[in-house]
Amino acid sequence: MAMERVKAILKKERKKRTEGGHPWVFASEIERMDGEGRPGQLVDVVNHQGRYLATGYWNPQSQITIRIIGYKPTEAMDEAFFAERFRQCAQHRSRFVNGEDCRLVYGEADFLPGLIVDRFGGVLVIQVLTLGMEAHREALVNALVSVFEPKGIYERSDVSVRKLEGLEERTGLLYGDCPRIIEIRENGLRMEVDIVEGQKTGYFFDQRENRASIEPLMRGWGARSGINLERRMREELPDGGEAVVREIGGAAGDDTGAALAPEVLVPVNANGKVVTFPHWDGATVLECFAHTGSFTLHACKYGAKKVTCLDVSEHAIETARRNVARNGFEDRVEFVVADAFDYLRMQVKGQEERAERARAGAAGTAKTDTSKALGGGGRTWDVVILDPPAFAKTKSAVAGAVRGYKDINLQGLKLVNEGGYLVTASCSYHMQPDLFLETIQAAAADAGKILRLIEWRAAGKDHPQIVGVGEGHYLKFGIFEVRSRS
């Protein structure tokens, strides 16, 4: 005779979060447990009147005592259960993701709380974050193999949240063969992922669409350098001139054998000479917290003239170098290993020194010692990209995070050329969207800048969000046009 399922009876006075689709039940919401079971097992969640609400697995050691897996009675988290959920995950990604490389399973948002699965080539990298998932490890791994048929499965459960569940961190091969370095494709770009030593599972898929969204920022800057398109006869072009030709009215030769138009548009500088550099119209770009250079690669793909790729990690920059070389962008990227805060402040200080010298020279004063060499700073860019790691990992860290985000955006804003763009992000869940926007606005006020919001985005479509679950809204991404107040 089968034993009756353990029930978690919720308090009458609680907020009705479970009825609204929130996947977590906190210890403070539970009146009592009816029955006996092992931590990690499934329990039925009922209201104070005994009405069934949901099924989830429970861990009395965690403040998030129950994590919901469904809103209909579920017999077991067996291989069939996982296989059905994984097929649903695959269907969603096949509809919204172009290519195989993506986040396949996104925890609560895919109704599989405590489980993350990323696919790199034919390899799956998983994170098992909770006791409930740990207790069903064998079934979920078998289901991953049957549904996705991977070459290998590698575990990266080296995350501190497991300790809150009473679990030790663990990593290692779970199935098949997993090379340490795997090449993936994102928006047509080739890049390597280190599944063993890379951050989290090895790569951040959540910014895929956001990286693509910078495309319109990368062109349209040539006029600032005095370069404009003019009509010229083809026979007048210098060697290399054909590389930057723009056909007039689409009259280029085609497969039908139509003749090329004798006149074409070519970029010409202020001296009337044809500019042969193919990226003459491109932006200058600074990417801070570059990690392995994903925004740098996209900037180059979309036509940037010069990109400064910065990260504090030598290991990350070495990976970025290889990724840049893999895509043939070496001639347009410079690499900097430095703390982003220090680097930005150095550039701002250099700006201020130059401005002070200019003012002193114009006024004819001797307050500034012009015999003293200027510092190494003072550079500016058309586009500054800030994609830092989470500054606030707990609620108590929010005040410090606000200061950090304000400082980094304040310095970044000062280095954007007039009419250029600030691209800025936060992946701190505790930094709510409104607070992040307020912080950027405060930084702009202190920097003497007016911002126009061009885009405001979240994580990509392989990171869906359950409506009403604020914890899923962790990634904020904004593109702002920057203008001076004076």
The single option from Asp206, Asp118, Asp110 passing salt bridge (charged side-chain N to carboxylate O under 4.0 Å, His left out) against Arg103: Asp118
Heavy-atom pair of closest approach, residues Ala139 and Met77: CB-O, 3.9 Å
Test item: side-chain donor near acceptor, Tyr203 and Asp101, under 3.5 Å: no
Pi-cation contact, Tyr57 with Arg67 (under 6.0 Å, within 45°): no
Close aromatic pair by centroid cut-off 6.0 Å: Phe436 and Phe477: no
Exam field: side chain Thr308 to backbone Leu286, donor-acceptor pair closer than 3.5 Å: no
Inter- and intrachain pairs under side chain to side chain donor-acceptor pair (under 3.5 Å), touching residues 170-181, at least two apart: Glu134-Arg170, Glu155-Arg170, Arg180-Asp194
Arg379/Glu334 salt bridge by N-O under 4.0 Å criterion: yes
Gln411 side-chain N/O to Val348 backbone N/O, donor-acceptor pair under 3.5 Å: no
Side-chain donor or acceptor of Asn323 paired with backbone N/O of Ser294 under 3.5 Å: no
Whether over 12 other heavy atoms sit under 6.0 Å from Glu13 CD: yes
No-hydrogen, no-angle side-chain donor-acceptor test under 3.5 Å, Gln347 and Gln351: no
Test item: Lys200 side-chain N/O and Gly198 main-chain N/O as donor-acceptor pair under 3.5 Å: no
Ring pair (Phe, Tyr, Trp, His ring centres under 6.0 Å) between Phe81 and Phe111, intermediate numbers included: CA-CA 11 Å; Phe81 164 83; Phe111 310 103; over 10 Å; no
Stepwise side chain to side chain donor-acceptor pair (under 3.5 Å) test for Thr130 and Glu165: CA-CA 6 Å; Thr130 57; Glu165 293 275 321; 4.9 Å; no
N/O donor-acceptor pair under 3.5 Å between Arg162 side chain and Leu167 backbone: no
Side-chain donor or acceptor of Glu183 paired with backbone N/O of Arg190 under 3.5 Å: no
Lys306, NZ atom: more than 12 neighbouring heavy atoms under 6.0 Å: yes
Glu192 side chain to Ile181 backbone, donor-acceptor under 3.5 Å: no
Under 3.5 Å donor-acceptor, Arg322 side chain and Thr292 backbone: no
Sidechain-backbone polar pair: Asn210 side chain, Gly460 backbone, donor-acceptor under 3.5 Å: no
Closest heavy-atom pair and its distance - Phe480, Trp456: CZ-CZ3, 4.1 Å
Non-hydrogen atoms of Ala299 and Val307 that approach each other most closely: CB-CG2, 4.1 Å
Side-chain touch Thr439/Asn409, heavy atoms, less than 4.5 angstrom: no
Aromatic ring pairing Trp24/Phe26, orientation class (parallel under 30°, perpendicular over 60°, tilted between): perpendicular
Exam field: side chain Asp382 to backbone Val285, donor-acceptor pair closer than 3.5 Å: no
Residues His473 and Gln465: side-chain donor-acceptor under 3.5 angstrom: yes
Salt bridge (charged side-chain N to carboxylate O under 4.0 Å, His left out) evaluation trace for Glu186 with Arg211: CA-CA 10 Å; Glu186 178 178 281; Arg211 294 178 189 117; 2.9 Å; yes
